[in-house]
Amino acid sequence: MYRLLRAPLQPVTYSRWLHLCVPVLLLALWMFIGPEMPWMPLVIVIPFGLVPWVRLAEGLQAQFLLTPNDHGNPESAISVTPSVRWGDRWRTLLWLETRLVIALVAMPATVWLPVMTVELIATALGHPINADPMVPLVPPRWVAALLAPVPLVLLIVIVVLLGELVTAAARRLLGPSATERLTALEARTEQLLERTRIARELHDSIGHALTVAVVQAGAARAAGNPEFTDRALSAIEETGRAALEDLERVLVVLRESPQAVSQRPTLTEADRLLDSARASGSEVDAQLTGPLDQLPGPVTREGYRILQEALTNVLRHCGPVPVRVRVEMAVGRLDMEVTNPLPEGPTVMSGSGSGLRGMRERAALLGGEAETGPYEGSWRVRARLPLERIG
């Protein structure tokens, strides 16, 4: 009851009324062309229902007029895509037929009730309409004044009820098919994966640069050596430039710019990471074996980020301690291992950080695995990335 009382104040009531009136105009026009065959419009719309783009047009119209609040919402219950399968075309045809039938029901109300209101108002003003009146009996003027709002109230009730009916039919017949729902879900999943990947990229590249800068600045201040300070500033500058390049590349992706995106760093550039760690005061024992330049693109890019995050964690949590790095191309896989001694006392390193989780996610996306945790008195990061599954 409350919804009916509130309906005259809701814009959607009138947009749905307009949606009901569109096929009414077609039916009214046909009454002048072939009144002896009132069922002919139901036949005429059959070939149109099988045209793929008709579903798009009907979906747009339904979204605009029946569910205006959902317009532009990718999760709307009314689809705005052309028919792809025959099932979508048959549902579109059934929608057109249903829409015409509802219009046949709505036509008397949308035409006669407003005319009755006009006639009652004219009678109340003392100017009754005598030519083909809709009101069979001419009531007294005071009765006509009291009855004038009744047809409008009935019209609002009928429009609200038929509007709900046609909206439910649109959601049922123009709603996304199972294939479209699956496609939308896949697109949404891809979007979430891309956002997660970008978050990992920012965490790894910017986090590494800031960690190196903090460690270098602290070491330079503690050393009090102009030569060491100069080397530290050079390392900070180089790391900062690399981080700016990574940031610009990620921002280009976020802006969907047509500008070509610069190549993501690969394991062939691992020396940059190792030199940065050495410049921070760590003794790095690195051994990279195998033709790393022949690694598949996804493996070499994700491998670089795993190595970067592993070295960043060493500098962040343990400081400039000795680090052992092993990168080797084995048969059908890439093996990576970064080991460093744990600091004395309670350790702040754990296996639940976002960086460690990011390493495991990177490896899992390639079908591999990454392990992080204490090992024989040291902290070890070990990753195995398969090569056969990467095209």
Side-chain angles (χ1 to χ4, degrees), residues 1-31 38-42 44-46 48-49 53-83 88-121 134 147-177 180-181:
M1 186 64 181
Y2 176 72
R3 293 182 59 186
L4 290 176
L5 295 176
R6 194 179 58 175
L9 304 178
Q10 299 295 317
V12 70
T13 300
Y14 303 98
S15 64
R16 289 178 177 179
W17 187 5
L18 178 60
H19 188 273
L20 292 171
C21 290
V22 172
V24 167
L25 296 176
L26 173 62
L27 294 173
L29 179 62
W30 180 256
M31 290 304 176
W39 45 266
M40 185 56 68
L42 297 175
I44 294 176
V45 299
I46 291 177
F48 292 97
W53 289 98
V54 171
R55 184 167 181 259
L56 170 62
E58 290 294 322
L60 287 172
Q61 185 181 152
Q63 269 199 7
F64 271 115
L65 299 179
L66 299 180
T67 58
N69 293 332
D70 289 345
H71 177 62
N73 183 2
E75 299 180 358
S76 173
I78 298 177
S79 177
V80 288
T81 58
S83 300
D88 299 333
R89 299 181 185 182
W90 292 121
R91 287 199 302 153
T92 305
L93 173 58
L94 183 57
W95 158 252
L96 294 177
E97 300 288 352
T98 302
R99 191 177 178 188
L100 285 176
V101 171
I102 295 176
L104 284 172
V105 177
M107 185 163 59
T110 56
V111 175
W112 296 341
L113 292 177
V115 174
M116 289 178 64
T117 299
V118 173
E119 290 183 0
L120 290 171
I121 293 175
M134 298 297 299
L147 293 179
V150 174
L152 291 181
V153 173
L154 291 176
L155 177 62
I156 292 296
V157 172
I158 293 173
V159 167
V160 170
L161 295 178
L162 291 181
E164 293 287 345
L165 177 62
V166 74
T167 301
R171 287 171 174 159
R172 179 70 176 176
L173 299 176
L174 296 180
S177 63
E180 290 172 336
R181 290 192 183 95

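Worth saying up front: this structure is predicted, and the values here are computed from it rather than measured.
- Evaluated for a side-chain contact (heavy atoms from CB on, under 4.5 Å) with I156, the options V159, V153, V160 yield exactly one hit, V160.
- Between L66 and V12, the closest heavy-atom pair is O-CG2, 3.6 Å.
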side-chain contact (heavy atoms from CB on, under 4.5 Å) evaluation trace for L155 with T117: CA-CA 10 Å; L155 177 62; T117 299; over 6 Å; no
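- For A148, the side chain to side chain contact (heavy atoms under 4.5 Å, CB included) partners are L120, I121, not counting sequence neighbours.
- At least one donor-acceptor pair closer than 3.5 Å links the side chain of Q63 to the backbone N or O of I78.
- For E97, the salt bridge (charged side-chain N to carboxylate O under 4.0 Å, His left out) criterion is met by no residue, not counting sequence neighbours.
- By the 4.5 Å heavy-atom criterion applied to side chains, I46 and L93 are counted as neighbours.
- For Y14, there are no ring pair (Phe, Tyr, Trp, His ring centres under 6.0 Å) partners two or more places apart in sequence or in a different chain.
- Scored by the salt bridge (charged side-chain N to carboxylate O under 4.0 Å, His left out) test, R91 finds D88 as partners (sequence neighbours excluded).
- Side chains of W95 and V166 form a contact here, defined as non-hydrogen atoms less than 4.5 Å apart.
- Between R171 and T67 there is a side-chain heavy-atom pair separated by less than 4.5 Å.
- The structure places CG of L56 at 10.5 Å from OG1 of T92, a figure rounded to the nearest 0.5 Å.
- The salt bridge (charged side-chain N to carboxylate O under 4.0 Å, His left out) check on R89 picks up nothing, with sequence neighbours excluded.
- Two residues are said to be in side-chain contact when any heavy atoms from C-beta on lie closer than 4.5 Å; V54 and L96 meet this criterion.
- The shortest non-hydrogen separation linking A169 to T98 is CB-CG2, 4.2 Å.
- To the nearest 0.5 Å, atom CG of residue L42 and atom CG of residue L104 are 6.5 Å apart.
- The OG1 atom of T167 sits 8.0 Å away from the NE2 atom of H19 when rounded to the nearest 0.5 Å.
- To the nearest 0.5 Å, atom CG of residue L162 and atom CD1 of residue I102 are 7.0 Å apart.
- Judged as a side chain to side chain donor-acceptor pair (under 3.5 Å), and not counting sequence neighbours, the contacts of T81 are R55, S79, E180.
- Within the model, atoms CZ of R99 and CG of L94 stand 14.0 Å from one another, a figure rounded to the nearest 0.5 Å.
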